[in-house]
Amino acid sequence: MLAIVHAVARMFELAGIGAILLGALIALGHLVRNLARGGTGKAQEDDSIAVFRRMLGRSILTGLELLVAADIILTVAVDPTLESVLVLGAIVLIRTFLSFSLEVEIDGRWPWQKKATGEAEQ
């Protein structure tokens, strides 16, 4: 049973890493494509870079969530000692802070603020 739990946690870790890498490659591909076919205008470049950052940020957020899930699985199912739970708590706090910071960076507003009228859902 322990081997299954380790395998499941490893799959979540690989999925988290894969989400970050795949998202980064897709975002980079979109950036290169948009810059290649777009004009040389500053506004077009700024828009392309903003889209790249948003896509990259979303893939990092997804990867972080999957990595947290792997840590939770390992801590709860494999090594539920007080020390491992405290380490997990610290990891979750750090990753939550990173996720929150990325969310603010991507959206340009606090999560509890309403979207501006006419702002499209990403």
Could you state the interatomic distance from [atom1] ([X]) to [atom2] ([Y]), rounded to the nearest 0.5 Å?
X     : Y     : atom1 : atom2 : result
Met55 : Leu31 : CE    : CG    : 9.5 Å
Leu64 : Ser99 : CG    : OG    : 4.5 Å
Ile20 : Leu25 : CD1   : CG    : 12.0 Å
Leu35 : Asp47 : CG    : CG    : 10.5 Å
Ile73 : Phe12 : CD1   : CZ    : 4.5 Å
Leu21 : Ile60 : CG    : CD1   : 10.5 Å

Sidechain N-carboxylate O distance under 4.0 Å for Glu105, Arg54: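 Salt bridge absent between Glu105 and Arg54.
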Please determine, by modelled atom types, if Thr62 and Ser59 share a side-chain donor-acceptor pair under 3.5 angstrom.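 Side chains of Thr62 and Ser59: no pair found under 3.5 Å.
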Should [X] and [Y] be regarded as members of a common hydrophobic cluster, given that ILVMFWY residues are connected when their side-chain heavy atoms come within less than 4.5 Å of each other, either directly or indirectly?
X     : Y      : answer
Ile94 : Leu102 : yes
Val68 : Leu93  : no
Ile26 : Ile106 : no
Leu98 : Ile91  : no
Phe97 : Val92  : no

Testing Val51, Leu56, Ile49 one by one against Arg53 for a side-chain contact (heavy atoms from CB on, under 4.5 Å), which residue passes?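 Per the side-chain contact (heavy atoms from CB on, under 4.5 Å) rule, the option paired with Arg53 is Ile49, out of Val51, Leu56, Ile49.
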I would like to know whether His6 and Arg10 meet side chain to side chain contact (heavy atoms under 4.5 Å, CB included); could you show each step before the answer? CA-CA 6 Å; His6 276 287; Arg10 187 69 54 204; 5.5 Å; no
Of all heavy-atom pairs between [X] and [Y], which one has the smallest distance, and what is that distance?
X     : Y     : value
Ala77 : Val5  : CB-CG1, 3.4 Å
Asp71 : Arg95 : OD2-NH1, 2.7 Å
Leu67 : Gly16 : CG-CA, 4.4 Å

Evaluate the side chain to side chain contact (heavy atoms under 4.5 Å, CB included) criterion for residues Glu103 and Arg58: first the C-alpha distance (whole Å), next the side-chain angles of each, then the deciding distance (0.1 Å), finally the verdict. CA-CA 8 Å; Glu103 193 75 37; Arg58 293 284 178 217; 3.0 Å; yes
Check whether Thr75 reaches the backbone of Ile72 with its side chain - one donor and one acceptor, N or O, closer than 3.5 Å.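 Judged by distance alone, no pair lies under 3.5 Å.
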